[in-house]
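It should be emphasised that the depicted structure is a prediction, and the values quoted were computed from it without experimental measurement. Read the numbers this way: they start at 1 and go in the same order the structure lists the ligands and their atoms. These numbers come from the heavy atoms of this one structure, side chains and all, not from hydrogens, waters or symmetry mates.
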Amino acid sequence: MNSLSTKHLLGIENITPEDIQMIFQVADNFKDVINRPIKKVPTLRDITIANLFFENSTRTKLSFELAEKRLSADVVNFSAASSSVKKGETLIDTVNNILAMKVDMVVIRHPSPGAALFLSKHIDSVIINAGDGTHEHPTQALLDAYSIREKLGDVKGKNVVIVGDILHSRVAISNIHCLKKLGANVKVCGPLTLMPKHIESLGVEVETNLKKALEWCDVANMLRIQHERQEVKYFPSLKEYTLQYGLTQDLLDELDKEIVIMHPGPINRGVEISSEIADSNNSIILSQVENGVAIRMAVIYLLAGKI
Ligand code: CP
């Protein structure tokens with residue numbers, strides 16, 4: 001089998017379209033595996049993986065752990081909230097102590113952009129970025145693009161709008177890189193105060209009118225407002241944000257077509273998306289979660305070949 005062009009998965013920016021297609025092909029096989037009565041393969045019996053979460057997570061943490069266990073890897077979990085980080089231990093010391101216990105691969109989520117890259121330069125282990133601050137969330141983008149491919153047959157040529165807090169969203173940045181590499185047309189939509197400067201340099205258009213964005217798109221990926229990363233107010237009130245950028249059934253009823261609705265989670269129901277839409281037949285939110293396990297199995301499997 002061919003191998004990935006990279007030893008680590010630090011972001012989508014630095015992997016190739018061929019890498020992404022290879023991950024998708026391997027994920028197709030693992031999706032069959034996780035839908036069998038026996039959902040486990042013995043492939044990584046001799047590999048130990050540490051999941052280091054310095055920031056809260058539900059989906060990503062559980063999905064990585066499940067993916068690792070489905071591949072029969074040994075798994076250790078670390079959560080900063082209950083660790084010696086609270087006593088002042090540095091990131092490097094924490095990870096070196098974990099590696100001294102003979103760990104082969106590290107999955108890291110951290111609030112600082114560049115934390116995964118930093119580790120890859122100082123630690124002799126395969127590193128997978130599970131979200132580093134506002135920088136990248138590569139496995140989320142891979143599972144999102146994989147879910148579009150599954151629903152619409154291909155990503156190439158599709159119109160995808162990413163709506164919401166683009167400024168603080170690692171999901172948006174990784175999605176833009178991934179979708180562009182796969183040949184999709186991408187727009188970002190939201191208030192200009194929540195748009196990064198020079199976002200157009202990534203090959204996307206900015207649209208501030210949600211109705212126009214929806215009329216253009218095949219897929220709308222709705223993001224939450226990341227209050228935890230906002231030090232100042234970017235819009236007058238949450239109510240006003242919802243009035244301008246919240247996805248409602250009324251807005252969808254005005255379209256003369258069906259569109260695919262996505263959300264990476266966690267959802268703020270009634271803010272960026274109504275419950276009715278989140279739970280509708282057009283929503284693939286839970287398929288995204290299911291596909292996350294297959295995609296993470298594929299990434300871990302392919303990177304294990306680099307150990
Ligand atoms: N989508 C995502 O990263 O969710 P968690 O923060 O729950 O992992």
task = Examine ligand 1 and decide if any of its atoms is less than 4.0 Å from a heavy atom belonging to G265.
result = yes
query = Centres of the H110 and F118 rings: under 6.0 Å?
reply = no
task = Run the numbers on L223 and I162 for side-chain contact (heavy atoms from CB on, under 4.5 Å), then give the verdict.
result = CA-CA 7 Å; L223 305 181; I162 306 169; 3.6 Å; yes
ask   = So which protein heavy atom does atom 2 (C) of ligand 1 come closest to, and at what separation?
value = T60 OG1, 3.5 Å
message = I need the atoms of ligand 1 closer than 4.0 Å to a non-hydrogen atom of T58, numbered in the order shown.
response = 5 (P), 7 (O), 8 (O)
query = When you measure from atom 5 (P) of ligand 1 to each heavy atom in H263, E55, Q140, R109, which option holds the nearest one?
reply = R109
query = Hey, which of E55, E136, E13 is the one that makes salt bridge (Lys or Arg N to Asp or Glu O under 4.0 Å) with R170?
reply = E55
Contacting atoms of ligand 1, where contact means under 4.0 angstrom from a heavy atom of P264 = 1 (N)
task = Could you tell me whether R296 sits above the aromatic face of F64, with NZ or CZ closer than 6.0 angstrom to the six-membered ring centre and within 45 degrees of the axis?
result = yes
query = Take atom CG in N35; do more than 12 heavy atoms of anything else shown fall under 6.0 Å from it?
reply = yes
request  = May I ask you to identify the nearest protein heavy atom to atom 4 (O) of ligand 1, giving residue, atom name and distance to one decimal place in Å?
outcome  = R59 NE, 3.1 Å
message = Going by the rule side chain to side chain contact (heavy atoms under 4.5 Å, CB included), which residues pair with K151 if we only count those two or more places apart in sequence or in a different chain?
response = V260, I284
request  = Give yes if a backbone or side-chain nitrogen or oxygen of K61 is under 3.5 Å from a nitrogen or oxygen of ligand 1, and no if not.
outcome  = no
